[in-house]
2 protein chains.
Amino acid sequence: MNEISDRYPGLGLTQTQHVRLCPEGMPLDTQVTFGPIDVAYETYGRLNDNKDNAILVCHALSGGAHAAGWMEGASQPGWWDNMIGPGKAFDTDKYFVICANVLGGCYGTTGPASIDPETGKPYGLRFPVVTVSDMVNVQARLLDHLGVEELLTVTGGSMGGMLALQWAVSYPKRVRSVIAIATTYRHSPQQIAFNELTRQSIMADPGWNNGDYYGGEGPRLGLAVARMTGHITYLSDKGMELKFGRRLRAREKYGFDFSKEFEVETYLQHQGKSFVNRFDANSMLYLTKALDYFDLSDNHQDLTEAFKGCQDSLFLLVAFSSDWLYPAQQLKDIARAVRRAGGDATYYEINSDYGHDAFLLDYEKQAPLVQSFLHRVATTEIPRQPG
Amino acid sequence: MNEISDRYPGLGLTQTQHVRLCPEGMPLDTQVTFGPIDVAYETYGRLNDNKDNAILVCHALSGGAHAAGWMEGASQPGWWDNMIGPGKAFDTDKYFVICANVLGGCYGTTGPASIDPETGKPYGLRFPVVTVSDMVNVQARLLDHLGVEELLTVTGGSMGGMLALQWAVSYPKRVRSVIAIATTYRHSPQQIAFNELTRQSIMADPGWNNGDYYGGEGPRLGLAVARMTGHITYLSDKGMELKFGRRLRAREKYGFDFSKEFEVETYLQHQGKSFVNRFDANSMLYLTKALDYFDLSDNHQDLTEAFKGCQDSLFLLVAFSSDWLYPAQQLKDIARAVRRAGGDATYYEINSDYGHDAFLLDYEKQAPLVQSFLHRVATTEIPRQPG
């Protein structure tokens, strides 16, 4: 036992679970009814008898259900292990933490690489376009399955933050609080532009073959280029300066050729190539499209009106100073809209050079904010509105 | 005549000229000797008898020698026509303006698409890697050919600004003044990263065929994706918000598919596709690589030392507030280094939402700065150092 806890500190080995939901299908935003839907999820800690200690953690674009703890033999723990575990910000000695792979993903939940029961082959582009709201609806079915009626908090960074905000709007009665980090209430044209670049990189690769590549190589080069785009936007200018500068990799002087030579090139190419082995290109298309459609103010007069039903939820909005992909202003706008709608919002900007990646890396600054906010949530009596 | 001046206002029709230089070859930074080199250039206005009214204009990555005036039948004038012409900032009634396509380009000056006299076929990747310094050396030979010993000013935005700065360092005696706009003294890792993304987009396209695609289709999709990257970096977040917002193109509501639907997607795809018809993919590789190698502080203790020989030149550095590709700080750093080296530098930041593109678009704010600086240059007696 000691040997295992040495090798796998924190939560130790964790296991991804699977459940089949919506056997009769679930209505999507596109008006299509879709199902059944397999959902991959992990849980950490225990649901208490009052069932009021559940926290839903929502992952970002390339994440999955494995948020914390270790897979057997893995060299790295789950993607938010620095935030989730005994004594950590999301303290598994106190809270029951749930993380599920989103609809359209490629880490165990039904997505374009899953087998279409009608054809016996992977969906590919026959998979329906899904929205952030659809993803949240699937998560709500999962909570039903787990016997969790109300969430103490729903949280996430980047795409995960959008899901958290969507939760508050879609299911205000089930959400005590929201911690939305490094995210937005709607994708801006610049954010759409980077996603479109990602999609065009994939679709320009002949290996993509209109999404029908399973069993073959697939769009390996296109997906790698797409991932390079992502990583440029996840780092800050200053962070890159500190991390790479103009240093050369394995060379004393310029090679005057087109092989990788600057460290930053090596980093990006490595990130691109390794991503291809762990992510499905079609999922990247579907998830980026869901983000681009995301606009909480849609079908409302303005964002304030969208939060009108959320007076019973407490909001913590966290931005990072050097995050230019999801700039601080977007989170300030959310805080202001929540307050104007009569709600309770705390906005905090963390000073960091990590850029957008800070929500994954800068846990030393992030964790205390989360802890004190959760303390406040647990000790704040919210007057329930009638009905 | 009147009809022509109505159709082609300003400088009217202009003509690109061609000259073969360096018949015995020119030594490059790579130690390779390369030549002959054909140079395409245009001139506007007249060289005066004192030969002290010459201005060299250096183009950016995708530009060429056609800086001002009109090509027969063209719907648009040259790329800096709003700055160059009778009565404009670079007043062709007063000045003799020269613009030449750079070494490695694809608008008439020898580059990878040119015929290699040794093989009778396009160079492709047999073309030598060139640097900003090499480009400037070719321009110096062109000035020799034109009988221009000293430049009243050398100017340019983006890559053109780098050439202008390199001129001051390489040929301090030939440069009375420098106007460097929206540029840098060395490519930062983020700037290298975007260029590497550009190159990888091209090289991932099987149509690139290791640079040997002339006579065929070439890497059309890859080059289009590369150009989309460029255009994202040329606009600002706020500029995109003003220009596109989340508006849909030719649709009332979301299409829930992967065709272009947001206006920003339509814009980027259009820019990408039309670029393919006017630019050579290999030139894009060579020019971006030259930019990445650019570092004026290379082989010097620091940037200040690089400018030690430039006390006789006046510098104007212009930044744009929303330019995040070449941020204002980089131009401030240049101004400071010039001053520390005992030189004369004026720094100005123009408030603009146009992002990096502002140097091409925001001429109403840019022109008066240039005009008053040129007036100062013309009326300032610079004490010539002995020797």
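In what follows, chains carry the letters A, B, and so on, assigned in the order in which the sequence lines appear, proteins first and then strands, with residues in each chain numbered from 1. Worth knowing before you read on, the calculation uses all heavy atoms, side chains too, and leaves out hydrogens, waters and symmetry mates. This structure is a prediction, so every number in the text was calculated from the model and none was measured.
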Here's a test: name every donor-acceptor pair under 3.5 Å between chain A and chain B, with the distance for each.
unit_1, atom_1, unit_2, atom_2, d
A:Arg186, NH2, B:Glu241, OE1, 3.3
A:Arg186, NH2, B:Glu241, OE2, 2.9
A:His187, O, B:Arg246, NH1, 2.8
A:Glu196, OE2, B:Gln269, NE2, 2.5
A:Arg199, NH2, B:Glu265, OE2, 2.8
A:Glu241, OE1, B:Arg186, NH2, 3.3
A:Glu241, OE2, B:Arg186, NH2, 2.9
A:Arg246, NE, B:Asp295, OD2, 3.4
A:Arg246, NH1, B:His187, O, 2.8
A:Arg246, NH1, B:Asp292, O, 2.9
A:Arg246, NH2, B:Asp292, O, 3.0
A:Arg246, NH2, B:Tyr293, O, 3.3
A:Tyr254, OH, B:Asp298, OD2, 3.0
A:Phe256, N, B:Tyr293, OH, 2.9
A:Glu261, OE2, B:Lys289, NZ, 3.1
A:Glu261, OE2, B:Tyr293, OH, 2.4
A:Glu265, OE2, B:Arg199, NH2, 2.8
A:Gln269, NE2, B:Glu196, OE2, 2.5
A:Lys289, NZ, B:Glu261, OE2, 3.1
A:Asp292, O, B:Arg246, NH1, 2.9
A:Asp292, O, B:Arg246, NH2, 3.0
A:Tyr293, O, B:Arg246, NH2, 3.3
A:Tyr293, OH, B:Phe256, N, 2.9
A:Tyr293, OH, B:Glu261, OE2, 2.4
A:Asp295, OD2, B:Arg246, NE, 3.4
A:Asp298, OD2, B:Tyr254, OH, 3.0

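What you find for A:Ile232 and B:Ala193 is that their closest heavy atoms are CD1-O, 3.5 Å. The two residues A:Pro206 and B:Pro206 have their closest heavy-atom pair at CG-CG, 3.6 Å. When every heavy atom of A:Leu285 is checked against every heavy atom of B:Phe258, the shortest pair comes out as O-CE2, 3.3 Å.
When the candidates A:Val130, A:Leu235, A:Leu125, A:Ile192 are compared by the number of heavy-atom contacts under 4.5 Å with chain B, A:Ile192 comes out ahead. Between chain A and the options B:Ala204, B:Ala226, B:Gly272, the largest number of non-hydrogen pairs under 4.5 Å is found for B:Ala204. Of all the listed residues (A:Gly239, A:Pro189, A:Gly245), the one sharing the greatest number of non-hydrogen pairs under 4.5 Å with chain B is A:Pro189.
Of the two parts of B:Val225, the backbone and the side chain both hold a non-hydrogen atom closer than 4.5 Å to a non-hydrogen atom of chain A. Contact annotation for B:Leu268: only side-chain heavy atoms (C-beta onward) come within less than 4.5 Å of a heavy atom of chain A. Residue B:Pro128: no heavy atom, backbone or side chain, is found under 4.5 Å from chain A.
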